[in-house]
Amino acid sequence: TCSYSTLEMNSTRMTNCSGSSFYGLISLIESQANLENCVFSDSLISQRGFFEMNDGAHMVLRNCTISKTDQESENTVIFNLFNATADVVNSIYWDNFSIPLTNDTSSLNVSFSDIQGGFQGEGNIDADPKFLAEDDFRLKSESPCIDTGTYQFGPDSDCDGNERPCGGTWDMGAFEYSGFSGPSKTFLQMPSHIYQPGDQFELSAVFWNNDEQTYDDLPFFVLLMIGDSFLFLPGFSDFDYYSVNLPHLNTEMNLLPAF
């Protein structure tokens, strides 16, 4: 509960929380709250709501994701507003067991957000956000939330600390799609050796994909410095690249055979 003060939350993840019969999960009384790049998921809320706001309180929810929130009683809403207002921008509200967004639509302003069931406001959509996995709220490449947010007051990084925007404009939700979702690693393998004229040389790479899904036709660039020249493999040209398919876990690829 925040009374007569200001609440700031940035890149915060609230999961597996439970509200009480007296307060919402986050309660404001004559207070201001700024929530940015936050994820709220897998929580159980009481009839007081997720965000309970009273007596002139105001909240700004920017680039946040709310998903898999359930209710322990009927007549529950996410934004429970009593003489209070809230602004939701660039956010995703999806798969929350049909819990209504608010008890007072006139006091909730929503724009450039993905709201299941729809909500009035500029730039809003009602479409499956295509989360990466059941409990991973990053976006797949086909997500309708990519490049559909607004630049106005958009944060310069996401919940993972990645730079925003990473495309035409800001994405909706807590995570910016960067062209490759999920953690991954790439290792170049070559002998630890100072090469002399006539020595044999070969080069391979090992890709590690932690995601459950397969990525197809990803561009992979290898730039070699030979003498005073920079050349791209595999064609030893001014510009070239490998097209790589990455299934789950590790893939080894021979870039240059021994020569």
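- Hydrophobic clustering of Ile, Leu, Val, Met, Phe, Trp and Tyr side chains at less than 4.5 Å, counting indirect connections, keeps Val89 apart from Leu7.
- Looking at every heavy atom in both residues, Asn63 comes nearest to Gly173 through ND2-O, 3.2 Å.
- Taking every heavy atom of both residues into account, Cys64 and Leu35 meet most closely at SG-O, 3.6 Å.
- With hydrogens and angles disregarded, no donor-acceptor distance shorter than 3.5 Å links the side chain of His58 to the backbone of Gln32.
- By the 30° and 60° cut-offs, the orientation of the rings of Phe221 relative to Phe232 is perpendicular.
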- Task: Could you please spell out the steps behind the side chain to side chain donor-acceptor pair (under 3.5 Å) verdict for Asn34 and Glu36?
- Result: CA-CA 7 Å; Asn34 297 301; Glu36 189 173 272; over 6 Å; no
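- Here Glu142 does not pair with Lys130 in a salt bridge; the nearest charged N to carboxylate O distance is not below 4.0 Å.
- In this structure, Asp95 pairs ionically with Lys68, as a charged nitrogen and a carboxylate oxygen lie closer than 4.0 Å.
- Defined by atom type and a distance below 3.5 Å, a donor-acceptor pair is missing between the side-chain atoms of Glu8 and Asn10.
- With ring centers used as reference points, Phe50 lies under 6.0 Å from Phe40.
- Cluster annotation: Val222 is connected to Leu246 through the hydrophobic network of ILVMFWY side chains, with a link wherever side-chain heavy atoms come within less than 4.5 Å.
- In summary, the side chains of Arg164 and Asn37 do present a donor paired with an acceptor at a separation below 3.5 Å, with no hydrogens or angles considered.
- Atom-to-atom distance recorded for Asp87:CG and Leu61:CG is 10.0 Å, nearest 0.5 angstrom.
- Checking side-chain atoms of Asn90 against main-chain N and O of Ser113 turns up no donor-acceptor pair under 3.5 Å.
- Judged by distance alone, the side chains of Asp104 and Thr102 never bring a donor and an acceptor atom under 3.5 Å apart.
- Remark: Ile92 CD1 to Asn96 CG distance equals 11.5 Å, nearest 0.5 Å.
- Considering every non-hydrogen atom in both Ser178 and Cys166, the closest pair reads CA-SG, 3.6 Å.
- Rounding to the nearest 0.5 Å places OG of Ser106 at 9.0 Å from CD of Gln120.
- Atom CH2 of Trp94 is separated from atom OG of Ser67 by 10.0 Å, given to the nearest 0.5 angstrom.
- Between the CD atom of Gln71 and the CD1 atom of Ile99 there is a distance of 4.5 Å, given to the nearest 0.5 Å.
- Pro100 and Tyr93 make their closest contact through O-OH, 3.9 Å (heavy atoms, listed as atom of the first residue, atom of the second, distance).
- A salt bridge does not link Arg138 with Glu176: none of the charged nitrogens is closer than 4.0 Å to a carboxylate oxygen.
- Side-chain contact check for Glu52 and Asn80: no donor-acceptor pair (N or O, by modelled atom type) lies under 3.5 Å.
- With a 6.0 Å radius and a threshold of 12 heavy atoms from other residues, nucleotides or ligands, Asp238 has its CG atom at or below the threshold.
- Counting non-hydrogen atoms of neighbouring residues, nucleotides and ligands closer than 6.0 angstrom, the CZ atom of Phe82 exceeds 12 such neighbours.
- Contact detail for Leu25 and Ser43: the closest heavy-atom pair is CD1-CB, 4.0 Å.
- Ile26 and Ile29 fall into different hydrophobic clusters, where Ile, Leu, Val, Met, Phe, Trp and Tyr are joined by side-chain heavy atoms under 4.5 Å apart, directly or via other members.
- With salt bridges taken as basic N to acidic carboxylate O contacts below 4.0 Å, none links Lys140 and Asp171.
- When each of Ser143, Pro165, Ser141, Cys145 is paired with Tyr177, the side chain to side chain contact (heavy atoms under 4.5 Å, CB included) condition holds for Ser141 and for no other.
- Around atom CZ of Phe230, no more than 12 heavy atoms belonging to other residues, nucleotides or ligands sit under 6.0 Å away.
- Across all non-hydrogen atoms, the minimal contact from Thr148 to Thr169 is N-CG2, 4.3 Å.
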